[in-house]
> 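Attaching a single structure in structure tokens format; questions to follow.
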Amino acid sequence: MIMKGIDDLDEIPEQFWMIGDRQEDEAAAQTAGVNFMCADIWRNKFLPRIYEFKPAMKEQVEFLEGIKLS
């Protein structure tokens, strides 16, 4: 299903993010070559100081916040 979406949109897999809460979700994202983010980070993105409690990778923060970090 992930690959179908990538093909339909004719985009580069590395530009996509999959949000999931299971190891199987992360494995599917890796197999498809797309980025993965834990659902907890996605759900809690608007909590104050969330990144202090649930560390996120630079790429995840950039995606969630819509900014480029240097």
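Source: prediction; values computed, not measured. The basis for the numbers below is simple: all heavy atoms, side chains too, and nothing from hydrogens, waters or symmetry mates.
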> Under the rule for ring-ring contact (aromatic ring centres under 6.0 Å, His included), what residues qualify as partners of F63, not counting sequence neighbours?
W17, W42

> Say whether L9 and V34 are linked into one hydrophobic cluster, either directly or through other cluster members, by side-chain heavy-atom distances under 4.5 angstrom.
yes

> So how far is it from M18 CE to T31 OG1, rounded to the nearest 0.5 Å?
10.0 Å

> Could I get the full list of side-chain hydrogen bond (donor to acceptor under 3.5 Å, both in side chains) partners for D7, not counting sequence neighbours?
none

> Just wondering, are more than 12 heavy atoms of other shown residues or ligands nearer than 6.0 Å to CD in E24?
yes

> Supply the atom-to-atom distance D25 CG to I2 CD1, rounded to the nearest 0.5 angstrom.
8.0 Å

> With sequence neighbours left out, write down each residue that passes salt bridge (Lys or Arg N to Asp or Glu O under 4.0 Å) with E62, or none if nothing qualifies.
K58, K68

> Got a second to check how far D8's CG is from M3's CE, nearest 0.5 Å?
11.0 Å

> Determine the minimum heavy-atom distance between I19 and A39, stating which atoms define it.
CG2-CA, 3.8 Å

> Rounded to the nearest 0.5 Å, what separation is found between the CZ atom of F36 and the CD atom of Q60?
9.0 Å

